[in-house]
Structures are given as C-alpha cells and as structure tokens.
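Every number for a ligand or one of its atoms is a count from 1 in the order of the listing. Every value quoted in this text rests on a predicted model; they were computed, and no experiment measured them.
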Amino acid sequence: MDGVPCLRVSQCHAQEFRKCLQSRGALDLSLCLLKESDGTVLLPILPSCLSQLDLQSLRSTVASDNTCEIVWSQSPLQSKKERGKASGSKLEKILQELLESHGERWTEELKGDIPRSFQKHGDLVLLRDGCFSLPLWKKMDQQLWGAVAKGLGAKRLAKMSRISRDGFRSPVVTMLLGEHSWVRHVDNGIQYEFDVTKCMFSAGNITEKLRVAGFDCRGETVVDLYAGIGYFTLPCLVHARASHVHACEWNPDAIEALQKNLEANGVSDRCTIHRGDNRQLQLCDIADRVNLGLIPSSEDGWPVACRLLKRTTGGILHIHQNVTSPLPNTAAIPAINDATQRASGKKADREAWEAWANDTADRISSLLKDISGAWWKTNIQHIEHVKSYAPHVHHVVLDLECRPS
Ligand SMILES: C[S@@+](CC[C@H](N)C(=O)[O-])C[C@H]1O[C@@H](n2cnc3c(N)ncnc32)[C@H](O)[C@@H]1O
Ligand SMILES: *[C@@H]1O[C@H](CO)[C@@H](O)[C@H](O)[C@H]1NC(C)=O
Ligand SMILES: *[C@@H]1O[C@H](CO)[C@@H](O)[C@H](O)[C@H]1NC(C)=O
Ligand SMILES: *[C@@H]1O[C@H](CO)[C@@H](O)[C@H](O)[C@H]1NC(C)=O
C-alpha cells in the first residue's frame, strides 16, 4: 500500500513533537509537515523507524495530550524540493475521473472532503470521521468506495464515526467495502486478530504489553480477569512463559478473537477461557499472579482476585485504574512559567497515583484478611503509567505484591 507514515498531533504541540522526532532520528526531513483541517498536524516519519517508535514516551515527554497517533498519509506530503508545486494524489485523480464520468464538476469543496490521512490495518483502510460528508458523494454509490480503495491501494474500507452514547462520544466503526471486518496486527512477535467493528486497537497499550512481555512468569499460574482479545494473556504466555493462564471474559466477540489469537500463536494448550462474569468464578487459591485490566476501575474484581491468590505463598496483583489528580491552583501564582507549571503538574500526578496506591494496598490487605482469616503483607512494587486521557486523568497500573505473614 502506498503512503507515508506520519504522527498526527495537535497543532499547539506540533513543534515540540517535531523536535522530539528529529532528536530520535525518526523525522523524515525530506518531506513537509501537513496541516489538517481539524487543527492537527501530520509529521512525516521515516518508515524504517516506525516499529521502534515509542508513542507512550513521546506523549509523556511532550504533553499529556490525547492526539498522538500513527496515521498514513497519501502523496500530498510534498517533498521539500517540490514545495509550492500543486500535486494531486492518486486518490484525487481517481475520484475526479469518477465524478466527471457522472457529469459532475471537480471542486475545491470536494477536494477538501477527501481524507488526507487514515489508519491502516493490513489491507483494510480505516477512514476518520468527517470525510466524504458532502451529499454529492452519495450519487456515486458503491462505485465510490471501490474507487477510494483503489486510490489508497486497499482492498477493504471502513469508517469511524463518533456517536453519542451514555453522554460519551464513542467511536463506532462501520464497513464500507469488503467481505469481512477481521484484521490482523503483529505486535512484538505476537499475532492479534480482531474485528475492527467490534474492538478497537489502541497503540497506547503497546508499552503495557511490552512490559508484560518482559515479566518472567515461568512456573506460574496466572489469571487474567478481563482478558479482552488477549493483550495481557498473549504476551504472558508467549514471552513471559507462564505455565497456565486462566482468561476470564464475558463478551462473546472478544472471546471469539481471543480463541483465534491463542491458536494463531500456538499457545491455546496453556490457556483456559472462562466465559461469563468473573465475579462468579468458582476458582480459588491457585494464582501466582492476577491481572485486573479494567478502567476506569477494576474494584469490582478485587474480592475475586484476593480469593484467587495462593493462600500459602501469595502472589502479585496488577491493578489498573484511571486516577484523576487535582488541578493545580495556578490562579494563585500568576507569574509561573510553563515549564515550572508542567513540572509541578507531574509532581501532583505522581502524588495522586501514590495516594491511590497506598489506599488500594490497605484495602486489599483487609480483603485478604477477611477472606483467609490471616494477616497479609502488601508491598507496592511499582506504579506504571500507561496512558493519559486528559491532562489530569491517567491510566495507571499498580503492581502489588501480597504475601501471607
Ligand atoms: C479493557 S478490556 C481488557 C483488555 C486488556 N486487559 C488490555 O489491557 O488491553 C476489558 C474486558 O473485560 C471484559 N469484562 C468487563 N467486566 C467483566 C466481567 N465482570 N467479567 C468478565 N469480563 C468482563 C470486557 O468485556 C472487556 O473485554
Ligand atoms: C487498552 O487498555 C485499556 C485499559 O485496559 C482499555 O480500556 C482499552 O480498551 C484497551 N484497548 C484495547 C484495544 O483493548
Ligand atoms: C476516567 O475516570 C474519570 C473519573 O473517574 C471519568 O470521568 C473518565 O470518563 C474516565 N475515563 C476513562 C477513559 O475511563
Ligand atoms: C504512601 O505510603 C508511604 C509509606 O507509608 C508514605 O511514605 C507516603 O508518603 C505515602 N504517600 C502518599 C501520597 O500518601
């Protein structure tokens, strides 16, 4: 598929991201940046650096900002040599021909309504919200999607739209062209297959997956209480070499993907899937490690996780939570500069995570005492920052060691 990989970031942080990419040698200096109509900027990345790029660390160096994702852009990213010369993309040419064959005229308005960047999942292109919104496109019917796919070098097309549900504008993916909506990702040597219309693949989870892959779980029995399509279960089996993983999941679509993924990676013999609500799980006293990967909070799973830990030796809980830190009172210190403000914000964030971890450790200790009738010691091994949702809302993971004393 043709196109240039780019980092899509918000305009206000574009210069910082550009410097960061450049210092890592990942910026394609022969190409120009591209401003999108929605106030984001595309920074061209050298394709050879793509797999090494750590989005999470980029995000945390620059700003806790939502927009920082890899997209693919078609040719309009002009090379610096050709700057100023008008150059239409292959997609543009194909669409222009299609319109003209329907007796329509090619206008700037139409040109502005075609996507300049998109996500790629193998042979499937996922278009963003806000393109092909003009009524004229409807006239082209199914021919339009065939032409778009051809123009982008894809076989299948899907589109993301934001739909209001429970007060949140959650993304919904619909297929425009293609027989099926399953896609495959290879990430750190693990194959993930999933249905783009039912599960979202977010690059923000990559660091957590890499961290899990680095664990040594040889000889361990592990329980993944919220397995999803296997983002914890798979690296735990493939790289961390757990003896056995019990994977709990209640969504049939996720279970279907999880089963495919276990087979594709040749580890299904070391995994048992438990369908249904994990709070009803009948297992107890078996686990060396329990993963609780649910946000905003996994609290509902704490009692079952405590029951699962081995009574005589205990184990480790990986507790995910969405932690909100208090906003710093900047009005009181008006002359404060940006860097100082950012540093004090980071300090406040860390304190909030630590306070939450301390409170969680206490509550887990008392749950363990209630369940086993004996005293337990808890130890905060590590607090991992996974992702920022807003300047003060962070997804963190607490590694809590729990031992009977
Ligand atoms: C956020 S996903 C977890 C993905 C994975 N752990 C990760 O970190 O990427 C949470 C999954 O938990 C499942 N889930 C939520 N509550 C559950 C429950 N009570 N019992 C079983 N599964 C549950 C959801 O269906 C969803 O697939
Ligand atoms: C990434 O992790 C978070 C928390 O575990 C989850 O809410 C989100 O859905 C995950 N992304 C995918 C693609 O599963
Ligand atoms: C994080 O938690 C806050 C408050 O608990 C909530 O408003 C927000 O929607 C949560 N975000 C996510 C992505 O779960
Ligand atoms: C967390 O607990 C430790 C040990 O008891 C203590 O030193 C630290 O100040 C606590 N942190 C917060 C933010 O409450």
Side-chain angles (χ1 to χ4, degrees), residues 56 170 185 187-188 190 192 194-195 198-213 215 222-237 240 245-259 261-262 271-283 289-305 307-308 317-323 325-326 346-365 377-387 389 395-401:
Q56 197 55 43
S170 25
H185 261 269
D187 181 52
N188 194 24
I190 299 179
Y192 295 89
F194 61 98
D195 184 337
K198 289 172 180 153
C199 312
M200 296 288 293
F201 188 89
S202 114
N205 288 355
I206 283 173
T207 38
E208 179 59 9
K209 282 178 283 186
L210 289 178
R211 195 173 80 93
V212 175
F215 290 166
V222 178
V223 181
D224 189 359
L225 282 179
Y226 306 93
I229 72 167
Y231 288 124
F232 178 88
T233 293
L234 289 164
C236 196
L237 286 163
V245 175
H246 294 275
C248 307
E249 181 51 60
W250 66 8
N251 171 353
D253 296 319
I255 293 174
E256 192 187 347
L258 177 61
Q259 275 170 331
N261 293 338
L262 289 167
C271 184
T272 311
I273 297 178
H274 299 268
R275 293 162 182 271
D277 191 337
N278 60 32
R279 288 165 295 187
Q280 314 291 318
L281 191 68
Q282 293 304 311
L283 299 173
R289 197 183 284 274
V290 181
N291 187 50
L292 296 107
L294 186 68
I295 51 168
S297 177
S298 62
E299 264 184 73
D300 282 353
W302 295 2
V304 61
R307 278 200 299 278
L308 283 161
L317 304 180
H318 301 287
I319 307 175
H320 292 235
Q321 177 95 12
N322 175 354
V323 178
S325 36
K346 277 194 176 157
K347 189 160 167 265
D349 287 343
R350 288 196 188 284
E351 272 167 18
W353 305 344
E354 206 178 293
W356 165 75
N358 283 355
D359 178 56
T360 302
D362 290 346
R363 291 177 48 199
I364 295 284
S365 301
K377 267 208 176 83
T378 52
N379 168 36
I380 296 173
Q381 279 189 330
H382 179 71
I383 303 172
E384 175 78 10
H385 176 244
V386 181
K387 187 170 179 162
Y389 282 100
H395 172 185
V396 299
V397 185
L398 162 63
D399 297 341
L400 190 67
E401 186 185 4

Which bit of F232 is near ligand 1, meaning a heavy atom under 4.0 Å away: side chain, backbone, both or neither? neither
Do ligand 1 and D224 have nitrogen or oxygen atoms that lie under 3.5 Å from each other? no
Sorted by chain and number, sequence neighbours left out, side chain to side chain contact (heavy atoms under 4.5 Å, CB included) with E299 holds for S297, W302, R363
May I ask you to check if ligand 1 and Y231 share an N or O to N or O distance below 3.5 Å? no
Counting non-hydrogen protein atoms only, what is the nearest one to atom 12 (C) of ligand 4? Give residue, atom name and distance. N358 ND2, 3.3 Å
Heavy-atom protein neighbour under 4.0 angstrom from atom 1 (C) of ligand 4: yes
Evaluate the 4.0 Å heavy atom contact test for atom 7 (O) of ligand 4: does a protein atom fall under the cut-off? no
Among all protein heavy atoms, pick the one closest to atom 9 (O) of ligand 4 and tell me residue, atom and distance. E354 OE2, 4.1 Å
Heavy-atom nearest neighbour of atom 27 (O) of ligand 1 within options H395, H274, E249: E249
For L294, atoms of ligand 1 separated by under 4.0 Å from a heavy atom: 10 (C)
If you take the centroid of each ring, where Trp contributes its six-membered ring, are F232 and H320 closer together than 6.0 Å? no
Qualifying residue, where the test is side-chain contact (heavy atoms from CB on, under 4.5 Å) with E401 and the options are Q381, K377, H382: Q381
Atoms of ligand 1, numbered as shown, that sit under 4.0 Å from any heavy atom of G276: 20 (N), 21 (C)
List every atom of ligand 1 that sits less than 4.0 Å from any heavy atom of N251, numbering the atoms from 1 in the order shown and giving each element. 25 (O)
In terms of relative ring orientation, are Y231 and Y192 parallel, tilted or perpendicular, with 30° and 60° separating the classes? tilted
Walk me through whether H318 and D399 qualify under side-chain hydrogen bond (donor to acceptor under 3.5 Å, both in side chains). CA-CA 5 Å; H318 301 287; D399 297 341; 2.7 Å; yes
Using 30° and 60° as the class boundaries, would you call the ring planes of H385 and W353 parallel, tilted or perpendicular? parallel
Interatomic distance, E249 atom CD to L225 atom CG [nearest 0.5 angstrom]: 11.0 Å
So for ligand 1, is N291 a polar contact partner (N or O within less than 3.5 Å, distance only)? no
A257 and F194: which non-hydrogen atoms are nearest, and at how many Å? CB-CA, 4.4 Å
Minimum-distance pair of heavy atoms, taken over all atoms of V212 and C236: CG1-N, 4.0 Å
Look only at interatomic distance and state if E351 has a nitrogen or oxygen under 3.5 Å from any nitrogen or oxygen of ligand 4. no
dist N278:CG -> L283:CG (nearest 0.5 Å) comes out at 11.0 Å
Atoms of ligand 1 close to D277 [distance to a heavy atom under 4.0 angstrom, numbered from 1]: 18 (C), 19 (N), 20 (N)
Pairs of nitrogen or oxygen atoms closer than 3.5 Å, one from H320 and one from ligand 1: do any exist? no
